[in-house]
Number of protein chains: 2
Amino acid sequence: MGGRVVVKKASVTLHEVAAAAGVSIATVSRALNGKDRVSGRTAEHVAEVAERLGYRVNLIGRGLRAGSGATIGVVVPVISNPFYGELIHRLEDHLQRRGFDLVIADSHGEVDRERERLRMLVERRVEGIFVVPSDAELSYDAVADTARRVPLVQLDRRVIDLSADFVGVDNDAGIDLAVDHVTSRGARRVVLVSGNDVTSVGRERRAAFEATVRTRSLSREDNIFGEYLLAFGERAAEELLARGPLPDAIIAGDDLVAAGAIAALKRAGRSVPSDVQVTGFDGTMLADVCEPRLTTVVQPFDGLAQEATEALVRRMEDPEAPYVLRRLAPSLRVAESTTPAATH
Amino acid sequence: MGGRVVVKKASVTLHEVAAAAGVSIATVSRALNGKDRVSGRTAEHVAEVAERLGYRVNLIGRGLRAGSGATIGVVVPVISNPFYGELIHRLEDHLQRRGFDLVIADSHGEVDRERERLRMLVERRVEGIFVVPSDAELSYDAVADTARRVPLVQLDRRVIDLSADFVGVDNDAGIDLAVDHVTSRGARRVVLVSGNDVTSVGRERRAAFEATVRTRSLSREDNIFGEYLLAFGERAAEELLARGPLPDAIIAGDDLVAAGAIAALKRAGRSVPSDVQVTGFDGTMLADVCEPRLTTVVQPFDGLAQEATEALVRRMEDPEAPYVLRRLAPSLRVAESTTPAATH
DNA sequence: CTGTTAGCGCTTTCAA
DNA sequence: TTGAAAGCGCTAACAG
């Protein structure tokens, strides 16, 4: 006694509004939601009282009653990667247009964390889930189990042999665009520096590259695989430098790797593109920050977000619908990392 | 009739587990949560049945009962900006350690959207909110109203004259580090290229710069203000080129702006740092992608996330606690954009 | 140790 | 047009 007691002021409920307005909670609910018939006068009165009391609907209460809130979850490997940042940005747009909120979770690229985040989303009873699986194989159990419980769409990457919707870029076409571009500019010795087989994206880009090399009868080179990190791009470039004469072109698995490679090459006194052409993949802001600016395979961010949203909605409406496996065409943005700089 | 009927299989509830296990729902709840005394045998039995039925707790039900779920919300202006990506990453870490999930919302830097996202979080009855206000003045109403309803901590940016907790970097110290560095390397004519007065960060960095210029009796230059975008950095550099002789150093408001400026300078045939030194601010991956690598003021990402989390927890525990206004010291990461390249 | 019961805040019949 | 009441899934008293 004597000390000031801190009161945790609970938030205003329908009951309090009803009491203050002199009507039943049912009437308040109806008045505020406006879908049901309420007399104009009471509706106005209730709205006024609710406003005065600072009432805010409790989405937890509504969600329980309705069976769930209007929420979609997304699990990405690294939110700080600009590629996912951009993708999430677009997803949020499309979802909001349909009245859904987005809950974002980060798996840190770890399978265990991924499983746990998926579980959290299921327990929150989200309406649907987008997931960028962190491992083409090890993510199987968690993703499959989740898909059994709630509408789920794999985005960008997928789990091998999993029966679940997928929306991503056409990696074959993307690699082809890049290789076609550098070879049309005279490259014969072309090396791939890309992600390893842990992700489906890494596998697909590798397979696409090897296939196109055969088709075009380019020389077979020792490609380099690792993680989608700046540091990997640097290490790979250093290895290429150590091997001897540089190839004519480096096809990087993503913009981050390309940026790292370019930095290392320039530090070693080599110049891009005259000593070696370099291409990226994704079309993130990193491509524009590079010097020279990066020629890169641009992902159709908005198209991906839209298709993914549509696939998810379809799945929510009909859990039995056949699985879709949607590949969107990328485009090539040509810049100075493969073409002689403009005169200044 | 005849067509296959799609049944939306509702998820398993406590009741069903209880029925299948031949005990009451209270026992199931206790057994599964393990905090209360239940006989080892029943606990085991219940766990087994729950597992077999694929039971998952419904966080909405629990949340309603408990008064809310264990959720914290965060509203950032642009999730695709690597700075916020990194910050969110760290926040998630600290929160998860305390058992909270993070819901991320994007305001797109628009005050209206920001108000709406804050409202959503309030209606979801999140335990607390981090917000990076999109406008130092226009965000006032929405942020103030939200702070009245739920524990809230402003992060990175703040609203002028608002009584609410704040955690951010010490912009004065940051600008000072940068200016001190370039002047110690001989710069006399130093220009600031930074964000305008829309954000508190823009204001603070500008004021800090002008103050330090006076203190050091550097020449007064026409600084350039705009948005924290790559394109603004480019435009600003072009303007400086058009003005005549370049200054000795450019202090950029963030890494994005610095990267844009460097790109434009190099395109114009100028070299960094020999023609002009350039520094950035934030310490994002962009700084390492630049060529030459960017000397930049590094924000203490993890420290910010930790302090912000602590401030929020404090606010949750005592709504009456005095407001904290916490400024963390940045550090300077020196690289080639201000120092002669190493020999190779 | 276990069951019964009362709600958390909300929406939606069902009556009046 | 409005009110009364049920119940979404869960946990925490309170009995037993």
Side-chain angles (χ1 to χ4, degrees), chain A residues 8-47 49-50 53-71 120 122-127 149-150, chain B residues 8-47 49-50 53-71 120 122-127 149-150:
Chain A
K8 199 155 191 178
K9 184 197 47 168
S11 48
V12 183
T13 72
L14 270 191
H15 285 87
E16 303 176 51
V17 177
V23 296
S24 74
I25 61 164
T27 299
V28 177
S29 173
R30 280 188 287 245
L32 262 28
N33 291 320
K35 345 195 73 166
D36 226 330
R37 31 205 82 272
V38 186
S39 96
R41 266 188 49 260
T42 39
E44 226 170 275
H45 176 56
V46 167
V49 173
L53 265 45
Y55 173 78
R56 286 280 183 280
V57 68
N58 182 332
L59 255 23
I60 312 225
R62 176 185 286 173
L64 181 59
R65 170 70 220 229
S68 104
T71 310
M120 179 272 286
V122 167
E123 293 183 344
R124 275 184 194 286
R125 296 299 190 270
V126 295
E127 257 70 32
R149 298 167 180 277
V150 36
Chain B
K8 199 155 189 179
K9 182 197 46 156
S11 47
V12 183
T13 72
L14 271 192
H15 285 87
E16 303 175 50
V17 177
V23 295
S24 74
I25 60 165
T27 298
V28 177
S29 173
R30 281 188 287 245
L32 262 28
N33 291 319
K35 346 195 71 170
D36 225 329
R37 28 204 83 273
V38 186
S39 96
R41 268 191 44 263
T42 39
E44 228 171 273
H45 177 54
V46 167
V49 173
L53 265 45
Y55 173 78
R56 283 282 181 279
V57 67
N58 182 333
L59 256 20
I60 311 226
R62 175 185 286 173
L64 182 59
R65 169 72 220 227
S68 101
T71 312
M120 178 274 284
V122 168
E123 293 183 344
R124 276 185 193 286
R125 295 300 188 271
V126 295
E127 257 69 31
R149 297 167 181 278
V150 38

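All of these numbers come straight from a predicted model, not from anything done at the bench. So that the names make sense, note that chain A is the first sequence line, chain B the second, and so on, each numbered from 1.
- In the model, B:Thr71 has a side-chain atom that pairs as donor or acceptor with a side-chain atom of A:Arg124 under 3.5 Å.
- Note that CG of B:Leu14 and OH of B:Tyr55 are 3.5 Å apart. Values are rounded to the nearest 0.5 Å.
- Side-chain contact of A:Ser11 with B:Arg125: a donor-acceptor pair under 3.5 Å is present, judged by distance alone.
- For A:Leu53 and C:dG9, the CG to P distance is 14 Å, given to the nearest whole Å.
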Pairs: protein N or O with nucleotides 14-16 of chain C N or O, under 3.5 Å:
none

Can you give me every donor-acceptor pair (side chain of residues 21-28 of chain A, partner residue at least two apart or in another chain, under 3.5 Å) with its distance?
residue: A:Ser24; atom: OG; partner: A:Ala26; partner atom: N; Å: 3.4
residue: A:Ser24; atom: OG; partner: A:Thr27; partner atom: N; Å: 3.3
residue: A:Ser24; atom: OG; partner: A:Thr27; partner atom: OG1; Å: 3.2

task = Begin with the C-alpha distance, continue with both residues' side-chain angles, and end with the deciding distance and a verdict on side-chain contact (heavy atoms from CB on, under 4.5 Å) for B:Ile60 and A:Ile60.
result = CA-CA 6 Å; B:Ile60 311 226; A:Ile60 312 225; 4.1 Å; yes
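- Shown here for A:Ala43 and A:Ala31, the closest heavy-atom pair between the two residues is CA-CB, 4.0 Å.
- In this structure the side chain of B:Leu32 never reaches within 4.5 angstrom of the side chain of B:Val57, judged on heavy atoms.
- Under the 4.5 Å side-chain criterion, counting only non-hydrogen atoms from C-beta, B:Asn33 is in contact with B:Arg62.
- At whole-Å resolution of the value, CG in B:Leu32 and P in D:dG9 are 16 Å apart.
- The residue among A:Asp36 and A:Thr13 whose nearest nucleotide of DNA chain C lies closer to the 5′ end is A:Thr13.
- A:Ala20 approaches A:Leu53 most closely through the heavy-atom pair CB-CD2, 3.9 Å.
- Residue A:Thr42 has no polar side-chain atom (N or O) positioned under 4.0 Å from OP1 or OP2 of D:dT1.
- For A:Asn58 and C:dG7, the CG to P distance is 18 Å, given to the nearest whole Å.
- Distance OH (A:Tyr55) to P (C:dG9): 10 Å, rounded to an integer number of Å.
- Summarising the geometry, the separation between CZ on B:Arg125 and P on C:dC8 is reported as 14 Å, rounded to the nearest angstrom.
- Applying the 4.0 Å criterion to OP1 and OP2 of C:dC1, one finds that B:Arg37 has a side-chain N or O inside that range.
- When each of B:Gly61 and A:Lys35 is assigned the nucleotide of DNA chain C with its nearest heavy atom, B:Gly61 is the one assigned upstream, toward the 5' end.
- Of the residues in residues 21-29 of chain A, those with a non-hydrogen atom less than 4.0 angstrom from any atom of DNA chain C are A:Ile25, A:Ala26, A:Ser29.
- Here C:dC8 presents its C1' atom at 4 Å from CG of B:Leu64, a figure rounded to the nearest Å.
- B:His15 places its NE2 atom 12 Å from the P atom of C:dT5, with the value rounded to the nearest Å.
- Backbone-only contact: B:Asn33 has heavy atoms under 4.0 Å from sugar-phosphate atoms and none from a base.
- Taking atom CZ of residue B:Arg56 and atom P of nucleotide D:dC10, one finds them 13 Å apart after rounding to whole Å.
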